[in-house]
Amino acid sequence: MNNAHALAGDPYVAAFPENLPFWEAAARGTLLLPRCTGCGQAHWHPRPHCPYCRSDAVRWEEASGRGTIHACTVIRRPDSHYVLAYVQVEEGPLMMTNIIDAAPEDLHIGMAVRCDFRATAEGRHAPVFRPA
């Protein structure tokens, strides 16, 4: 099944069609952020209006994929664990995400990380971060 077909069948993507460019870019390994052309601020989570100035002049922009850990915690389960984090991306916004490919004890606030993508059960590619 190709990714366009997988996205078309994803109920989340169908519910928020304005975010389709994000998911299409994510499938190619590219992080997009919404940026307001009115005030110039990048923001996260995607929405049709700028959360800073309320303008509806928002466009998708390719992000560098670089960021730093702002806060993180380890979620431990009996059979596994994962790291939930806020990453401040180079463009400014904080993104809630997971940190992958790192021992939790090696992570620290201010650590440089880089965006990657992991496939979800629904067929989307979600942004995650790994040590840079």
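Quick note: residue numbers are just sequence positions, from 1. FYI, side chains are in, hydrogens and waters are out, and symmetry mates aren't considered; it's all heavy atoms of this structure.
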Run the side-chain contact (heavy atoms from CB on, under 4.5 Å) test against Arg76 and tell me which residues pass, sequence neighbours left out.
Val74, His81
SG on Cys36 to CG on Asp56, rounded to 0.5 Å:
9.0 Å
State plainly whether one hydrophobic cluster holds both Phe22 and Leu94, where clusters connect Ile, Leu, Val, Met, Phe, Trp and Tyr through side-chain heavy atoms under 4.5 angstrom apart.
no
Taking Leu33 as the starting point, is it possible to reach Trp60 by hopping between hydrophobic residues whose side chains are less than 4.5 Å apart?
yes
Looking at Ile109 and Ala71, what are the two nearest heavy atoms and their distance?
CG1-CA, 4.4 Å
Those residues that, when tested against Tyr12, pass side-chain contact (heavy atoms from CB on, under 4.5 Å) (two or more places apart):
Asp10, Phe16, Trp23, Arg124
With a cut-off of 6.0 Å (strictly less than), are more than 12 heavy atoms of other residues, nucleotides or ligands near NE2 of His70?
no
In short, Ile99 meets Ala85 closest at the heavy-atom pair CG1-CB, 3.6 Å
Would you say the side-chain atoms of Arg66 pair up with the backbone N or O of Ala63, donor to acceptor, closer than 3.5 Å?
no
Do Ile69 and His108 come within less than 4.5 Å of each other through their side chains, counting heavy atoms only?
no
Val83 and Leu107: side chain to side chain contact (heavy atoms under 4.5 Å, CB included), yes or no, with the steps?
CA-CA 9 Å; Val83 178; Leu107 301 174; 3.7 Å; yes
Tell me who clusters with Tyr52, hydrophobic residues only, linked when side chains sit under 4.5 Å apart either directly or through other members.
none
Mind listing the closest non-hydrogen atom pair of Pro21 and Leu32 along with its distance?
O-CD1, 3.4 Å
Below 4.5 Å, heavy atoms only, C-beta onward: do Arg118 and Ile100 meet side chain to side chain?
yes
Heavy-atom check, side chain of Pro127 versus side chain of Met95, under 4.5 Å
yes
Looking at Phe117, I want to see if its CZ is surrounded by more than 12 non-hydrogen atoms of other residues, nucleotides or ligands under 6.0 Å.
yes
Checking Ser55 against His49 for the side chain to side chain contact (heavy atoms under 4.5 Å, CB included) test, could you report, in this order, the C-alpha distance in whole Å, the side-chain angles of both residues, the deciding distance, and whether it holds?
CA-CA 5 Å; Ser55 169; His49 293 90; over 6 Å; no
Contact summary for Pro17 and Ala14, nearest pair of heavy atoms
CD-O, 3.5 Å
Does one side chain, of Gln88 or Thr68, offer a donor that lies under 3.5 Å from an acceptor on the other?
no
Can Leu31 be reached from Leu20 by stepping across I, L, V, M, F, W or Y side chains whose heavy atoms are under 4.5 Å apart?
yes
If you group Ile, Leu, Val, Met, Phe, Trp and Tyr by side-chain heavy-atom gaps below 4.5 Å, do Tyr82 and Met111 land in one group?
no
Hey, are Thr30 and Glu62 close enough side-chain-wise for a donor-acceptor pair under 3.5 Å?
no
Evaluation steps, side chain to side chain contact (heavy atoms under 4.5 Å, CB included), between Met96 and Leu84
CA-CA 7 Å; Met96 184 182 281; Leu84 182 64; 3.9 Å; yes
Contact summary for Pro46 and Pro34, nearest pair of heavy atoms:
CA-CG, 3.8 Å
For Asp116, all residues meeting side-chain hydrogen bond (donor to acceptor under 3.5 Å, both in side chains), sequence neighbours excluded
Arg130
Quick note, side chain to side chain donor-acceptor pair (under 3.5 Å) partners involving residues 34-43, not counting sequence neighbours, are Arg35-Glu61
Among residues at least two apart in sequence or on other chains, which ones pass side-chain contact (heavy atoms from CB on, under 4.5 Å) with Thr97?
Val87, Val128, Phe129
Is there a donor-acceptor pair closer than 3.5 Å between any side-chain N or O of Arg59 and the backbone N or O of Ala57?
no
Which heavy atom of Ser64 sits nearest a heavy atom of Glu91, and at what distance?
N-OE2, 2.7 Å
